[in-house]
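Taking it in order: structure first as structure tokens, then the write-up.
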Amino acid sequence: MCKNPKELTVIAESPRISLVSLEASHIEPLKQIWGDESVMSLCGGASDFSKFHKTIEAYSEQQLKYGLSVYGVLDKKTEELVGTAGFNWYGDPGETELIYHFRKRSWGLGFAFEAASLCLDIAMTHSSLIRITASADSRNLASIHILEKLGFKFIAFQWFEDTQQEEPTFELLKTDMKPKGMEEM
């Protein structure tokens, strides 16, 4: 179980979800996300949960360095961690990658689109950010639909070492992002 939601650092929220800083109290629920082979099968496979603590530390450092990171997605109704969403950085302060993963029983409920939308709202305020990329396994039609609905445009197929395959890659330029309140929900 997660720490009391009132004690978590809330980064952004909507009526149904909160984006919160990941912390050690999230390791158990992360097993249902990053540690679940059926969830991560199209993303390079499940991760070893013994590494989750280091992953959380790395995302905390990323938040301090870049002002954006990967966050926990908390369902306000159940107060449970249902997924993760946010940004991976690879060295260029003007470019980041949007990612999201959700536990299986939370699929199809609109949480991924809602969380990704909140992430883009945060990104709009990030002064140095120019470009956001995202990719999805070509079999993951739901994820591709979410990216297109968010305004991402297909740019190319790209090889990914972690999944050992080419995946459709999308981009969203900051100049093409819609200010909060103008997006189609």
Side-chain angles (χ1 to χ4, degrees), residues 1-5 8-14 16-63 68-90 96-120 133-150 152 158-170:
M1 191 67 176
C2 294
K3 186 192 274 188
N4 180 338
L8 296 170
T9 303
V10 176
I11 306 301
E13 57 187 341
S14 70
R16 294 191 320 143
I17 63 171
S18 297
L19 297 183
V20 298
S21 294
L22 287 170
E23 48 187 64
S25 68
H26 295 129
I27 289 175
E28 280 302 314
L30 283 170
K31 289 178 183 178
Q32 296 177 31
I33 304 163
W34 296 336
D36 184 332
E37 187 59 45
S38 65
V39 170
M40 300 302 292
S41 65
L42 300 179
C43 303
S47 298
D48 178 352
F49 78 90
S50 68
K51 298 178 183 176
F52 289 177
H53 188 73
K54 286 190 183 270
T55 301
I56 290 170
E57 285 178 10
Y59 284 139
S60 179
E61 290 171 15
Q62 183 176 288
Q63 178 68 32
L68 295 172
S69 187
V70 173
Y71 308 108
V73 180
L74 199 70
D75 179 344
K76 288 181 171 183
K77 184 176 180 180
T78 64
E79 297 184 344
E80 293 179 321
L81 189 78
V82 297
T84 59
F87 303 98
N88 273 330
W89 293 88
Y90 298 107
T96 189
E97 175 193 31
L98 174 69
I99 65 168
Y100 45 85
H101 304 107
F102 287 82
R103 66 183 186 187
K104 197 164 192 169
R105 70 177 189 254
S106 296
W107 291 358
L109 301 176
F111 288 136
F113 178 77
E114 199 167 332
S117 295
L118 282 175
C119 289
L120 294 180
T133 62
S135 65
D137 186 292
S138 56
R139 296 169 290 176
N140 192 341
L141 300 178
S143 191
I144 291 170
H145 176 72
I146 289 167
L147 294 172
E148 291 171 342
K149 189 174 174 183
L150 289 166
F152 280 79
Q158 181 179 345
W159 178 261
F160 287 88
E161 286 298 321
D162 59 342
T163 59
Q164 290 293 296
Q165 66 182 9
E166 282 193 338
E167 296 179 3
T169 303
F170 300 80

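- Within the structure, every pair that satisfies the salt bridge (charged side-chain N to carboxylate O under 4.0 Å, His left out) test and touches residues 133-142, not counting sequence neighbours, is listed here: Asp137-Arg139.
- For Lys104, the side chain to side chain donor-acceptor pair (under 3.5 Å) criterion is met by no residue, not counting sequence neighbours.
- Shown here are the side-chain contact (heavy atoms from CB on, under 4.5 Å) partners of Gln158, two or more places apart in sequence or in another chain: Phe160, Thr169.
- Evaluation of the side chain to side chain donor-acceptor pair (under 3.5 Å) rule for Ser21 yields no partner, not counting sequence neighbours.
- Counting only heavy atoms from C-beta outward, the side chains of Leu98 and Phe152 approach each other to under 4.5 Å.
- Rounding to the nearest 0.5 angstrom, the gap separating the NE2 atom in His101 from the OG atom in Ser106 is 14.0 Å.
- Remark: side-chain polar atoms of Glu79 are not paired, donor with acceptor, to backbone N or O of Lys76 under 3.5 angstrom.
- Partners of Lys31 according to the salt bridge (Lys or Arg N to Asp or Glu O under 4.0 Å) rule, which considers only residues two or more places apart in sequence or in another chain, are Glu28.
- Closest heavy-atom contact between Val73 and Ala115: CG2-CB, 3.9 Å.
- Closest of all the heavy-atom pairs between Gly45 and Glu37 is CA-OE2, 3.6 Å.
- Val20 is not listed as a side-chain neighbour of Tyr71, based on a closest heavy-atom distance of 4.5 Å or more.
- Asn88 is linked by a side-chain contact (heavy atoms from CB on, under 4.5 Å) to Tyr59, Gln62, Val70, Tyr90, Glu97, Ile99, counting only residues two or more places apart in sequence or in another chain.
- Residues Gln63 and Ser69 bring no donor and acceptor atom of their side chains to less than 3.5 Å of each other.
- A pairwise comparison of heavy atoms in Gly110 and Arg16 identifies C-NH2, 3.5 Å as the closest pair.
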Item checked: side chain to side chain contact (heavy atoms under 4.5 Å, CB included) assessment of Trp159 paired with Gln164 -> CA-CA 7 Å; Trp159 178 261; Gln164 290 293 296; 3.8 Å; yes

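- In terms of modelled atom types and a separation under 3.5 Å, the side chain of Thr55 and the main chain of Lys51 share a donor-acceptor contact.
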Exercise answer: donor-acceptor pairs, residues 140-148 side-chain atoms, under 3.5 Å, sequence neighbours excluded:
unit_1	atom_1	unit_2	atom_2	d
Asn140	OD1	Ser143	N	3.1
Ser143	OG	Tyr100	OH	2.9

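- Here the side chain of Thr78 pairs a donor or acceptor atom with the backbone of Glu80 at under 3.5 angstrom.
- Partners of Glu57 according to the side chain to side chain donor-acceptor pair (under 3.5 Å) rule, which considers only residues two or more places apart in sequence or in another chain, are His53.
- Separation of the Phe102 and Trp107 ring centroids does not fall under the 6.0 Å cut-off.
- Trp89 meets the ring pair (Phe, Tyr, Trp, His ring centres under 6.0 Å) test with Tyr66, His126; sequence neighbours excluded.
- Side-chain contact check for Thr133 versus Thr96: every heavy-atom pair is 4.5 Å or farther apart.
- Applying the side chain to side chain donor-acceptor pair (under 3.5 Å) rule to Ser14 yields the partners Glu114; only residues at least two apart in sequence or on another chain are considered.
- Residues satisfying the side-chain contact (heavy atoms from CB on, under 4.5 Å) criterion with Ala12, sequence neighbours excluded, are Leu19, Leu118, Ile122.
- Nearest heavy atom pair, residue Cys119 against residue Phe87, reads O-CZ, 3.3 Å.
- In this structure, CZ on Phe111 lies 7.5 Å from CD1 on Ile17, to the nearest 0.5 angstrom.
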- Between Leu74 and Leu8, does a side chain to side chain contact (heavy atoms under 4.5 Å, CB included) hold up when you go through it step by step? CA-CA 10 Å; Leu74 199 70; Leu8 296 170; 4.1 Å; yes

